[in-house]
Protein chains: 2
Amino acid sequence: MTREIQTRRTRQKEAIRAAFLEEDRPLSPDEALVFAQRRADALSIATVYRNISNLVEDKWLTPIQVPGCPVRYEVAGKAHHHHFQCRSCGTVHELEGCDVPNKPHLPRGFKYLDHDFFVYGICAACPK
Amino acid sequence: MTREIQTRRTRQKEAIRAAFLEEDRPLSPDEALVFAQRRADALSIATVYRNISNLVEDKWLTPIQVPGCPVRYEVAGKAHHHHFQCRSCGTVHELEGCDVPNKPHLPRGFKYLDHDFFVYGICAACPK
DNA sequence: CTGCGTGCAAATGCTTTGCAAAGAC
DNA sequence: GTCTTTGCAAAGCATTTGCACGCAG
């Protein structure tokens, strides 16, 4: 059930896209709401959810599922990379490149397809 | 708010623990319910949830959050390892050892604490 | 007997959906 | 004016919780 592309340009939609572009890091729907409301204050969370799923369908956003956290989304199309989450403030940042071996050792009969890698620590903005 | 240890041995509790021990892989609450019901059929999902969180508090279980999936839990105390999820049947398996470099490269000012690593592919039990 | 643990059903929190009204074109 | 998009409120789902009863010790 692919959505037909008949997109109308709305204040809300633009504000949501702008939030992702300006923050340039994975945002949860709540975070996206807060940032987008700075540009378009009449904006409901339902609209954020609806637009995010459209943008994911259009491959403009990709979901980033940090274990144990609400889903976040980031602008799609970037090179293969992983994510860092600050254990103090919870913010997720993108890491450049990939330090992971291409083919981890798997049990007999298992076929490798891909991987996820998450690093946790303390970000530069948080006090030691 | 630590739970005082005043554990009574109940049929349900034993069945839940047995499910994790016998399957020896991460189970979601639903999966645990199904396996535990084979031993104690009068078992409600609420009891599974309650017992799982007690077992996590007691450090007998550890939560395993595969990105985009319901939480699973596995028996705690094993050596550092990671997980494999079959893209076909969804089952999660444990992998031995850790193929990940100890200290991934982080941006200036970021402090490394730990990491998560997930491998996806097709398991031996699934048709190619 | 005492009081913890369970089952049920209601409550919660996050996400999705139906519908009428607002807005894009 | 037409048809999409929005906001609100209700519906869904998974998980948690309150309460009365059953069962372990």
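The sequence lines fix the lettering, A, B, ..., with proteins before strands; numbering per chain opens at 1. Note that these values count all heavy atoms, side chains included, but never hydrogens, waters or copies made by symmetry. This is a predicted model, so every value here is computed, not measured.
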### Query
What is the nucleic acid contact for A:L43, judged by heavy atoms within less than 4.0 Å: base, sugar-phosphate only, or nothing?
sugar-phosphate

### Query
Would you say C:dG23 has OP1 or OP2 under 4.0 Å from some side-chain N or O of A:Q12?
no

### Task
Assign A:N51 to base, sugar-phosphate, or nothing according to its heavy-atom contacts below 4.0 angstrom with the strands shown.
sugar-phosphate

### Residue whose closest nucleotide on DNA chain C lies nearer the 5' end, A:R50 versus A:P29
A:P29

### Query
Salt bridge or not for A:E22 and A:R17, using N-O below 4.0 Å?
no

### Message
Any donor-acceptor pair, under 3.5 Å, between the side chain of A:R8 and the base of D:dC3, if you only look at N and O atoms?
### Response
yes

### Task
Please work out which of the three classes, parallel, tilted or perpendicular, describes the rings of A:F117 and B:H115, given edges at 30° and 60°.
tilted

### Message
Whole angstroms only, please: what is the CG-C1' distance between A:L33 and D:dT6?
### Response
14 Å

### Task
Kindly indicate whether the side chain of B:R11 and the base of C:dG5 share any N or O donor-acceptor pair separated by less than 3.5 Å?
no

### Summary
In whole angstroms, the gap separating C1' of D:dT4 from CG of A:N54 amounts to 11 Å

### Task
Quickly work out the A:E14 CD to D:dT4 C1' distance and round it to whole Å.
15 Å

### Task
Check whether the side chain of B:R9 and the base of C:dG5 form a donor-acceptor pair under 3.5 Å.
no

### Query
Do NZ/NE/NH1/NH2 and the carboxylate oxygens of A:K78 and A:D24 come within less than 4.0 Å?
yes

### Query
C:dG5 phosphate, OP1 or OP2: any side-chain N/O from B:T47 under 4.0 angstrom?
no

### Query
Taking NZ, NE, NH1 and NH2 as the nitrogens, is one of them in A:E94 or A:R25 under 4.0 Å from a carboxylate oxygen of the other?
no

#### Entry: Separation of C:dT16 C1' from A:I52 CD1 (nearest whole Å)
13 Å

### Query
For the pair made of CG in B:D58 and P in C:dG5, what is the distance, rounded to whole Å?
11 Å

#### Entry: Short side-chain N/O contact from B:S53 to OP1 or OP2 of D:dT16, under 4.0 Å
no

#### Entry: 5′-ward residue of the pair B:D30/A:I45 relative to DNA chain D
A:I45

### Task
Evaluate the side-chain contact (heavy atoms from CB on, under 4.5 Å) criterion for residues A:C123 and A:Q85: first the C-alpha distance (whole Å), next the side-chain angles of each, then the deciding distance (0.1 Å), finally the verdict.
CA-CA 8 Å; A:C123 77; A:Q85 184 179 40; over 6 Å; no

